[in-house]
Asker: 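Structure incoming, see below.
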Amino acid sequence: MKNDIYLFGFSVDITEKLKLSVDAMFSGKINLVRINFLHELRKIDFEKENVIMIHIQELNLEQRRFIWQFKINYPKSILVFCSKDYLVANYSWQSQAVFFLPLPASRRAIALMIKKIEESRKSPKQKIKLSYQGGFDLIDCDDICYCEGDGNYTTVHLRNSKSILLSKKLKFIFQKLSPFPEIIRLGKSYIVNTENIIKVDDNLVYFKEQNTNNVKFQLSAIYIKRLKEHLLMFTS
């Protein structure tokens with residue numbers, strides 16, 4: 001794995017204890033870099049796959065908003081959450097962090113963290129087969145923005161602005177996508193990949209795109225409310 005692991009929100013005391021354990025276990029092969037201030041995050045190249053450990057003392061609305069915005073700005077980063085509060089472990093799962101490191105950190109927990117980081121880098125992108133009359137598309141699940149159901153048909157909208165019309169009910173498509181916790185269902189008509197959302201403005205939802213075209217769609221007020229609640233981690 002790459003040598004640098006960035007630490008954000010850690011005190012000097014906790015950082016030193018982690019460094020002692022990491023140095024003893026990995027003989028200087030892994031370098032822990034403490035980031036003191038928010039503006040220093042800009043020094044990290046968001047185009048690269050970095051490992052960033054975030055210390056969460058208290059899981060509040062401000063922290064949740066920060067994590068959500070951080071994931072948008074650094075989509076390739078591998079996140080590890082650290083805390084004395086074991087409730088953060090569940091939040092780590094919801095946010096698709098690669099690992100939760102309880103504090104104080106044991107050497108066994110640190111070894112497991114490094115193993116999880118290495119495994120996540122080796123894992124290939126997960127693909128899904130979407131069959132239609134005359135053929136099928138094999139697509140990366142993280143390329144899905146949203147799915148829109150209409151009776152016995154479902155339209156899958158992708159980040160490259162391509163749309164795939166399937167002769168399948170939305171319920172069937174959601175069953176295929178259910179292993180991915182970032183993909184949620186909103187009511188009877190929509191499936192949304194929250195990982196690709198970059199902005200919610202009034203009743204419009206904007207997604208990451210792979211070209212110059214904006215990928216967006218409109219939701220009713222009640223669905224927008226449900227989506228915002230999920231994004232802010234008010235619900236599980």
Side-chain angles (χ1 to χ4, degrees), residues 56 59-77 79 81 87-88 90-97 125-132 136-137 139-236:
I56 300 178
L59 188 57
N60 51 35
L61 180 59
E62 183 179 358
Q63 289 274 11
R64 291 169 176 174
R65 283 175 172 163
F66 168 76
I67 297 298
W68 180 50
Q69 191 62 49
F70 185 92
K71 289 174 63 183
I72 292 174
N73 293 335
Y74 299 89
K76 294 185 178 180
S77 292
L79 292 183
F81 291 164
L87 292 176
V88 178
N90 183 55
Y91 177 66
S92 300
W93 175 81
Q94 292 177 349
S95 302
Q96 290 90 55
K125 282 190 173 181
Q126 294 174 300
K127 293 180 178 289
I128 184 171
K129 180 181 178 182
L130 298 179
S131 303
Y132 48 83
F136 65 88
D137 279 358
I139 65 171
D140 293 325
C141 290
D142 56 6
D143 283 339
I144 296 174
C145 289
Y146 69 99
C147 306
E148 187 173 8
D150 184 10
N152 292 324
Y153 295 89
T154 299
T155 303
V156 180
H157 300 268
L158 305 176
R159 288 176 56 196
N160 60 5
S161 298
K162 180 180 178 181
S163 298
I164 304 173
L165 179 62
L166 307 173
S167 57
K168 300 289 184 181
K169 292 184 177 181
L170 191 74
K171 179 181 179 181
F172 175 83
I173 302 301
F174 185 61
Q175 287 174 346
K176 298 191 72 172
L177 295 172
S178 59
F180 309 98
E182 67 271 19
I183 297 179
I184 64 171
R185 182 167 179 176
L186 292 175
K188 297 180 179 180
S189 301
Y190 296 105
I191 297 170
V192 179
N193 186 351
T194 59
E195 189 72 13
N196 282 332
I197 293 175
I198 58 173
K199 182 172 69 171
V200 178
D201 186 10
D202 289 332
N203 62 342
L204 288 176
V205 182
Y206 293 81
F207 296 88
K208 302 172 188 174
E209 70 267 1
Q210 292 178 334
N211 51 32
T212 57
N213 297 321
N214 286 326
V215 180
K216 62 183 179 181
F217 80 122
Q218 185 172 331
L219 282 174
S220 65
I222 187 170
Y223 288 147
I224 283 288
K225 181 180 178 182
R226 291 178 186 175
L227 180 61
K228 286 181 177 178
E229 287 175 346
H230 184 92
L231 293 174
L232 295 177
M233 299 301 176
F234 287 144
T235 58
S236 58

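For clarity, every value in this text was computed on a predicted model and none was experimentally measured. Numbering starts at 1 and runs along the sequence shown.
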Asker: So, for Arg159 and Asn196, which heavy atoms are closest and what is the spacing to 0.1 Å?
Answerer: CD-ND2, 3.6 Å
Asker: Check Leu177 against Cys141 and note the closest heavy-atom contact, atom names and distance.
Answerer: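 Heavy atoms of Leu177 and Cys141 come nearest at CD2-SG, 4.5 Å.
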Asker: Where the side chain of Asp202 meets the backbone of Leu204, is there a donor-acceptor pair that is under 3.5 Å apart?
Answerer: no
Asker: Judged by atom type as modelled, is there a donor-acceptor pair below 3.5 Å linking the side chain of Arg185 to the main-chain atoms of Gly187?
Answerer: yes
Asker: Please check if the number of heavy atoms outside Asn203 that lie under 6.0 Å from its CG is greater than 12.
Answerer: yes
Asker: Parallel under 30°, tilted from 30 to 60°, perpendicular over 60°: which one fits the rings of Tyr190 and Phe217?
Answerer: tilted
Asker: Quick one: CG on Leu79 to OG on Ser92, what's the gap to the nearest 0.5 Å?
Answerer: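 That separation rounds to 9.0 Å.
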Asker: Looking at Asp143, is its backbone amide N or carbonyl O close enough to the side chain of Asp140 to form a donor-acceptor pair, meaning the two atoms are under 3.5 Å apart?
Answerer: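 Flag not set: sc Asp140 to bb Asp143 has no pair under 3.5 Å.
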Asker: Check whether Thr154 reaches the backbone of Gly149 with its side chain - one donor and one acceptor, N or O, closer than 3.5 Å.
Answerer: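 Here the side-chain-to-backbone pair does not exist.
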Asker: Between Ile67 and Phe81, is a side chain to side chain contact (heavy atoms under 4.5 Å, CB included) present by the stated rule, with each step listed?
Answerer: CA-CA 10 Å; Ile67 297 298; Phe81 291 164; 3.7 Å; yes
Asker: Could you go through Thr155 and Cys147, starting from their C-alpha distance and side-chain angles, then the distance that decides it, and tell me whether this counts as side chain to side chain contact (heavy atoms under 4.5 Å, CB included)?
Answerer: CA-CA 6 Å; Thr155 303; Cys147 306; over 6 Å; no
Asker: Starting from the C-alpha separation in whole Å, work towards a yes-or-no answer on side chain to side chain contact (heavy atoms under 4.5 Å, CB included) for Tyr223 and Lys225.
Answerer: CA-CA 5 Å; Tyr223 288 147; Lys225 181 180 178 182; over 6 Å; no
Asker: Could you tell me which non-hydrogen atom of Phe207 sits nearest to which non-hydrogen atom of Cys145, and how far apart they are?
Answerer: CE2-O, 3.2 Å
Asker: Would a 4.5 Å heavy-atom cut-off, applied to side chains only, mark Thr194 and Ile183 as touching?
Answerer: no
Asker: Rounded to the nearest 0.5 Å, how far does CG of Leu186 lie from CG of Leu219?
Answerer: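 Those atoms lie 6.5 Å apart.
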Asker: Taking the cut-offs as 6.0 angstrom to the six-membered ring centre and 45 degrees off its axis, would you call Lys216 and Tyr206 a cation-pi pair?
Answerer: no
Asker: May I ask you to check whether over 12 heavy atoms, not counting those of Lys176, lie within 6.0 Å of atom NZ?
Answerer: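 More than 12 within 6.0 Å, yes.
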Asker: Are Val156 and Tyr146 packed together at the side-chain level, in the sense that at least one heavy-atom pair is separated by less than 4.5 angstrom?
Answerer: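 Counting from C-beta outward, Val156 and Tyr146 never come under 4.5 Å.
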Asker: Could you give the distance from CD1 (Ile139) to NZ (Lys162), rounded to the nearest 0.5 Å?
Answerer: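 Spacing of CD1 (Ile139) from NZ (Lys162) equals 8.5 Å.
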Asker: Got Leu170 and Lys188 here, is their nearest side-chain heavy-atom distance under 4.5 Å?
Answerer: no
Asker: Closest approach of Asn152 and Lys169, non-hydrogen atoms and distance?
Answerer: OD1-CE, 2.8 Å
Asker: Would you compute the distance between atom CG of Leu165 and atom OH of Tyr153 and round it to the nearest 0.5 angstrom?
Answerer: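 It comes to 7.5 Å.
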Asker: Go through Ile191 and Ile184 one step at a time and tell me if the side chain to side chain contact (heavy atoms under 4.5 Å, CB included) criterion holds.
Answerer: CA-CA 6 Å; Ile191 297 170; Ile184 64 171; over 6 Å; no
